[in-house]
2 protein chains.
Amino acid sequence: MSQRGRPRTFDRDDALRRAMELFWEKGYGGASLADLTETMGINSPSLYAAFGSKQALFDEAVDLYARTESPEIWEALSVEPTARDAVASFLRLTALSFSRPGKPAGCLIVLGALHDSDASAEACAALRRHRAENVEAVRARLERGIAEGDVPAGTDCETVARFFLTVQQGMSIQARDGATRERLHALAEGAMAAWDGLVGATATR
Amino acid sequence: MSQRGRPRTFDRDDALRRAMELFWEKGYGGASLADLTETMGINSPSLYAAFGSKQALFDEAVDLYARTESPEIWEALSVEPTARDAVASFLRLTALSFSRPGKPAGCLIVLGALHDSDASAEACAALRRHRAENVEAVRARLERGIAEGDVPAGTDCETVARFFLTVQQGMSIQARDGATRERLHALAEGAMAAWDGLVGATATR
DNA sequence: ATGATTATGTATCGATCATTACATAATGGA
DNA sequence: TCCATTATGTAATGATCGATACATAATCAT
């Protein structure tokens with residue numbers, strides 16, 4: 001089936017990528033339609049025809065972000081041989097991702113929409129869902145560590161995962177406050193200093 | 001000198017406190033003038049006459065927050081006998097403060113305004129200044145620990161302080177995501193598991 | 001060539017944003 | 001009592017918000 005009607009004159013993927021970076025920099029509420037259309041190089045009717053609404057555009061932008069920005073962070077969870085190596089790599093790659101020259105500092109999933117009380121309620125809920133998935137991914141990796149013997153049996157993987165995700169989320173704030181790549185890396189190392197105490201303390205012995 | 005003219009019919013301190021809680025819940029950008037006047041129980045001309053502008057009101061609200069909401073968190077830094085006890089208490093009291101029934105979850109200083117690109121640039125800068133002061137307060141307490149002998153000489157207090165503040169900032173996100181008081185407490189404990197590794201690793205031996 | 005279909009640019013929609021003019025009301029000082 | 005001063009409520013300001021109406025342009029199927 002071929003396309004009918006007048007073809008669009010802009011690259012949808014490219015426009016979406018630009019919108020994603022604007023949402024990343026300014027947040028859902030901070031990125032106005034005027035900002036978006038200017039950044040995307042299109043007029044608002046084209047935006048609405050191609051994406052539906054600001055909210056739908058944001059949803060697509062978040063999906064693009066999760067899919068293309070630093071997937072290595074999550075790939076590390078499965079690639080690294082032990083759970084400890086996996087989390088260490090997860091945090092180290094986060095430090096890199098949050099401090100890329102030419103890209104907004106920190107994480108869209110964390111900084112994109114924090115307050116659900118206003119018109120950005122749906123955007124906030126979508127990001128919250130993503131954050132919950134991220135906790136789950138780390139938790140699952142820790143469980144695998146138990147199964148493979150490199151994490152003490154009985155470790156409270158949920159609690160441990162939430163701790164490391166909390167550090168990662170704090171790193172977004174730090175990155176926005178101007179923390180250098182070296183400082184973010186030190187934070188990752190600092191969090192790993194808690195590993196032995198964490199998996200030891202929450203394990204049944 | 002006595003007051004002249006018609007006296008105001010509302011309690012300025014009470015109105016400011018209500019505004020603070022609204023900013024705390026919705027953020028600077030998320031709290032509209034209509035929201036504020038409704039919550040404060042006054043009309044906009046009264047608001048402007050008493051506080052000057054939305055930005056000035058926010059500044060006063062942030063000051064009130066820092067002064068009255070959980071000052072015990074910062075008092076603990078000077079009260080506790082050792083730097084380790086001080087940081088542990090700092091985090092434990094943070095967990096309490098971020099999960100008070102009837103109050104917004106998390107911290108106004110962290111969640112109030114994260115994006116400086118929009119109209120909330122000044123609000124964002126003010127909060128950033130507060131966060132920098134908070135790092136400095138913990139760093140100073142760690143330095144005191146060195147002077148008093150309970151922290152290894154040569155410890156990189158700046159790095160260690162930034163780590164614990166990062167966890168505290170991440171706890172604001174977690175609190176907003178619905179983390180219970182118990183979960184926040186577990187995060188505080190988890191961070192303390194990094195103490196020995198952190199102060200040991202960054203100390204010159 | 002004609003018509004159905006889809007995209008584009010201009011121009012605008014009502015709603016909401018922060019802020020303020022203005023007339024009126026209530027106080028103290030003279 | 002009269003005036004200067006300050007606060008209040010109503011109503012409006014221009015700007016910007018997200019979202020569209022509408023006429024025109026460009027493609028495909030027939």
Query - Residues that A:Phe51 engages under ring pair (Phe, Tyr, Trp, His ring centres under 6.0 Å), provided they are two or more places apart - result: none
Requested in this report: Round to a whole Å and report the spacing from CD of B:Glu38 to P of C:dA18.
Outcome: 14 Å
Requested in this report: Examine D:dT8: is either OP1 or OP2 under 4.0 Å from a nitrogen or oxygen in the side chain of B:Ser46? Give yes or no.
Outcome: yes
Report summary line: Separation of C:dA15 atom C1' from B:Asp35 atom CG, nearest Å, is 14 Å
Requested in this report: Name the orientation class of the two ring planes belonging to A:Phe23 and A:Tyr28 (parallel below 30°, tilted from 30 to 60°, perpendicular beyond 60°).
Outcome: parallel
Requested in this report: Could you tell me which residues satisfy side-chain hydrogen bond (donor to acceptor under 3.5 Å, both in side chains) with B:Arg181, sequence neighbours excluded, listed by chain and number?
Outcome: B:Ser99
Requested in this report: Determine: side-chain N/O of A:Asn43 to OP1/OP2 of C:dT8, distance under 4.0 Å, yes or no.
Outcome: no
Requested in this report: With sequence neighbours excluded, tell me which residues meet ring pair (Phe, Tyr, Trp, His ring centres under 6.0 Å) with B:Tyr65.
Outcome: B:Trp24
Query raised in the report: How would you list all residue pairs meeting salt bridge (Lys or Arg N to Asp or Glu O under 4.0 Å) that involve residues 50-68 of chain A, not counting sequence neighbours?
Result: A:Arg12-A:Glu60
Query - Pairing residues for B:Asp177 by the side-chain hydrogen bond (donor to acceptor under 3.5 Å, both in side chains) criterion, not counting sequence neighbours - result: A:Arg128, A:Arg131
Query raised in the report: Among residues 8-15 of chain B, which contact DNA chain C at a heavy-atom distance under 4.0 Å?
Result: none
Report task. Using whole Å, report how far CE of A:Met40 lies from C1' of C:dG9. Result -> 16 Å
**Report entry** ring pair (Phe, Tyr, Trp, His ring centres under 6.0 Å) partners for B:Phe98, two or more places apart
**Finding:** none
Query raised in the report: Are any side-chain N or O atoms of A:Arg176 and backbone N or O atoms of A:Ala105, one a donor and one an acceptor, separated by less than 3.5 Å?
Result: yes
Report summary line: Applying side-chain hydrogen bond (donor to acceptor under 3.5 Å, both in side chains) to A:Glu148 and not counting sequence neighbours gives A:Arg144
Query raised in the report: For A:Glu158, what residues pass the side-chain hydrogen bond (donor to acceptor under 3.5 Å, both in side chains) criterion, not counting sequence neighbours?
Result: A:Arg162
Report summary line: Contact string for nucleotides 18-27 of chain D, one letter per nucleotide 5' to 3', B = base within protein heavy-atom range under 4.0 Å, S = sugar-phosphate only, - = neither, reads SBBB---BBB
Report task. Scan residues 78-98 of chain A for pairs that pass salt bridge (Lys or Arg N to Asp or Glu O under 4.0 Å), counting only residues two or more places apart or in two chains. Result -> A:Arg84-A:Asp196
Nucleotide N/O of nucleotides 1-3 of chain D paired with protein N/O under 3.5 Å:
none

